[in-house]
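Chain naming here is simple, since letters A, B, ... match the order of the sequence lines and numbering starts at 1 in each. Values in this document were obtained by computation on a predicted structure and should not be read as measured data.
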There are 2 protein chains.
Amino acid sequence: MVNGVPFPCSILEQAAHLADGVDNVVPIHPSPFKVACASCAVREVCLPLGFGADDLRRFDPLVARRRTVRRFEALYRSGEPFRALFAVRTGFFKSSLAPKCGREQVTGFQMAGEVLGFDGIASERHTTDAYALEDSQVCVIPYFELETLSRDMPELQRQLHRIMSREIVRDHAVMLLLGSMRAEERLAAFIANLADRLRARGFSGSRLVLRMTREEIGSYLGLKLETVSRAFSRLQEDGVLEVRQRHVTVIDAAALERIAHPLAN
Amino acid sequence: MVNGVPFPCSILEQAAHLADGVDNVVPIHPSPFKVACASCAVREVCLPLGFGADDLRRFDPLVARRRTVRRFEALYRSGEPFRALFAVRTGFFKSSLAPKCGREQVTGFQMAGEVLGFDGIASERHTTDAYALEDSQVCVIPYFELETLSRDMPELQRQLHRIMSREIVRDHAVMLLLGSMRAEERLAAFIANLADRLRARGFSGSRLVLRMTREEIGSYLGLKLETVSRAFSRLQEDGVLEVRQRHVTVIDAAALERIAHPLAN
DNA sequence: CGCGAGCTTGATGCCGATCAATGCATGTGG
DNA sequence: CCACATGCATTGATCGGCATCAAGCTCGCG
């Protein structure tokens, strides 16, 4: 599944990564006047959402490091020591549980502005794997320093709690989906959710390119890849979507919503 | 489902509750020398876990209020303003999503020492319902004050983050269960988990009394109540459990574990 | 061009949902 | 005390949706 062929720099990256999960990063600030978050394209959907100029200035040094993760490489793996959270700057990730000898369970997909790694706080070790589904870049947020700074920055503290809470709410929604929705409904909810998140980032919510395989979608939705494929075909027949491999166009957004929320009618 | 017959004090309770979610509480500390958390039976599995005497003294006034919730009554409901977290002191709760006109999805069961309400932080409104499954008492932890205090108490801050992270990890485990386990495996995992938590609280992990109905178990596990019943019968036939109504005895703990973690072999 | 990974589509079978009846414990009123 | 109602649990029969097994298909790429 995950490509094992080393890219030119992947061995070094991985070694550094295994060392402490935070190395292999490039300091930013080529000029001392630049404020990274302030100029970041996804600031409005990321951790420093709502920060004033002053808060931004204080928060900025915390995320002064970045890390590049190429397609199919791991940002972190289950069992590794937890030292930092990661905010996606560019690219796309999947998080998954990989019980040994069992099939993987994808627990989420993360796009620009979203933060990964909260599962590691409890035990000080990561409990999920995070893989890049395309060449990506993340901001490294050292957790110990984040804790310290958030004691002095109520706005940061609030935002951190909000994001963790949102993750819990999101997980509940997935439980509802897995526990009581049928295949087509699950897929519709999935596509509708992706579209919403893309729209919030200024992209089209009607023409999307999937970054993940049918198998990964299936793992997330508790379905086999064949069932995902059939559900796509059916939504296409019904004039809701147009599907061509990984290119999906939403034809009838209202219908999509209706299918995705069958219990809310 | 939920008993609508008002108990002697339930109307008052509910009115106060609707008003701000924190009222209807009794100040504790009948004597100024008592420290509530220090003398609490479940301190070792609750929020102030690991606090020294000094931290305990500072944390204590924060949870100076309690609230009694009788069987079938709501601690809070989806949509109500979020103002506090609640730590279970005695009793047993279920949390659930109740999409209007749809079937409910139970998202978790909480016993003594466990904290409810994190889902409300993100939107400042509760997104789940919490119902007492037996007469219960909770400690009210006003959230705004908790935020403030945790800025001054690194140990509290850490513990709060740990608990939220643990909830995320737990939710991931439920996703794995819902996404890829079969009925018997789900039920075995559920019983094994309950037993573990009871054992951590000093109760027997082999003789347990279920506080919830088959339907609620089914909702949590993504199964119909008949399937839960059949799975119980099968586990009994196989000599793993003994089941008599809500009384469950674990006969073969090793087998239970084996069934509950089919992917880890 | 030909290979292979990923996707689609078809045929079949199984697990759990659904429908339905019975059992069991508790409570209530005559 | 019994007759009856009620809520929950068990068990059986049948049905349906998704998994499984098995071909083909598409597209990108060496």
Quick one: [X] [atom1] to [N] [atom2], roughly how many Å, whole number?
X: B:Arg186; N: C:dC15; atom1: CZ; atom2: C1'; value: 11 Å
X: B:Leu225; N: C:dT18; atom1: CG; atom2: P; value: 10 Å
X: A:Leu177; N: D:dC18; atom1: CG; atom2: P; value: 12 Å
X: B:His247; N: D:dC8; atom1: NE2; atom2: C1'; value: 13 Å
X: B:Leu221; N: C:dA17; atom1: CG; atom2: P; value: 11 Å
X: B:Lys224; N: D:dG12; atom1: NZ; atom2: C1'; value: 19 Å
X: A:Arg71; N: C:dA5; atom1: CZ; atom2: P; value: 14 Å
X: A:Phe72; N: C:dA5; atom1: CZ; atom2: C1'; value: 10 Å

- Query: From the list D:dA19, C:dT8, D:dT11, which nucleotide is the closest neighbour of the side chain of B:Ser233?
  - Reply: D:dT11

- Would you mind telling me which of D:dC8, D:dT10, D:dG17 lies closest to the side-chain atoms of A:Arg182? D:dG17

- Task: Quick one: list whatever passes side-chain contact (heavy atoms from CB on, under 4.5 Å) with B:Val88, sequence neighbours left out.
- Result: B:Phe93, B:Gln110, B:Leu116

- With sequence neighbours excluded, tell me which residues meet side-chain contact (heavy atoms from CB on, under 4.5 Å) with B:Glu185.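 Checked B:Glu185 against side-chain contact (heavy atoms from CB on, under 4.5 Å); matches are B:Met181, B:Arg182, B:Ile259, B:Pro262.
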
Please list every donor-acceptor pair under 3.5 Å in which a side-chain atom of residues 204-211 of chain B meets a protein atom from a residue at least two apart or in another chain.
from: B:Ser204; atom 1: OG; to: B:Ser206; atom 2: N; distance (Å): 3.0
from: B:Ser204; atom 1: OG; to: B:Ser206; atom 2: OG; distance (Å): 3.2
from: B:Ser204; atom 1: OG; to: B:Arg207; atom 2: N; distance (Å): 3.0
from: B:Arg211; atom 1: NE; to: B:Glu134; atom 2: OE1; distance (Å): 2.9

Is the distance from OP1 or OP2 of [N] to the nearest side-chain N or O of [X] less than 4.0 Å?
X: B:Arg214; N: D:dT10; answer: yes
X: B:Thr227; N: C:dC15; answer: no
X: A:Ser229; N: C:dT8; answer: yes

With a 4.5 Å cut-off on side-chain heavy atoms, are [Y] and [X] touching?
X: B:Asp171; Y: A:Glu167; answer: no
X: B:Glu242; Y: B:Gln236; answer: yes
X: B:Phe109; Y: B:Glu216; answer: yes

- Charged N to carboxylate O below 4.0 Å: is that the case for A:Arg201 and A:Glu114? yes

- Query: What pairs with B:Ser165 under side chain to side chain donor-acceptor pair (under 3.5 Å), at least two apart in sequence or on another chain?
  - Reply: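 B:Ser165: no side chain to side chain donor-acceptor pair (under 3.5 Å) contacts found.
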
Protein and nucleotides 24-30 of chain D: nitrogen or oxygen contacts under 3.5 angstrom:
none

Short heteroatom pairs, N/O only, protein and nucleotides 10-14 of chain C, under 3.5 Å:
from: C:dG10; atom 1: N7; to: A:Arg230; atom 2: NH1; distance (Å): 2.9
from: C:dG10; atom 1: O6; to: A:Arg230; atom 2: NH2; distance (Å): 3.1
from: C:dA11; atom 1: N6; to: A:Arg230; atom 2: NH2; distance (Å): 3.4

- Message: Considering every strand and a 4.0 Å limit on heavy-atom distances, what is the contact class for A:Gly218: base, sugar-phosphate, or nothing?
- Response: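 Since no nucleic acid heavy atom lies under 4.0 Å of A:Gly218, the category is nothing.
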
- Spatial distance of atom CZ (A:Arg244) from atom OG1 (A:Thr249) [nearest 0.5 Å]: 8.0 Å

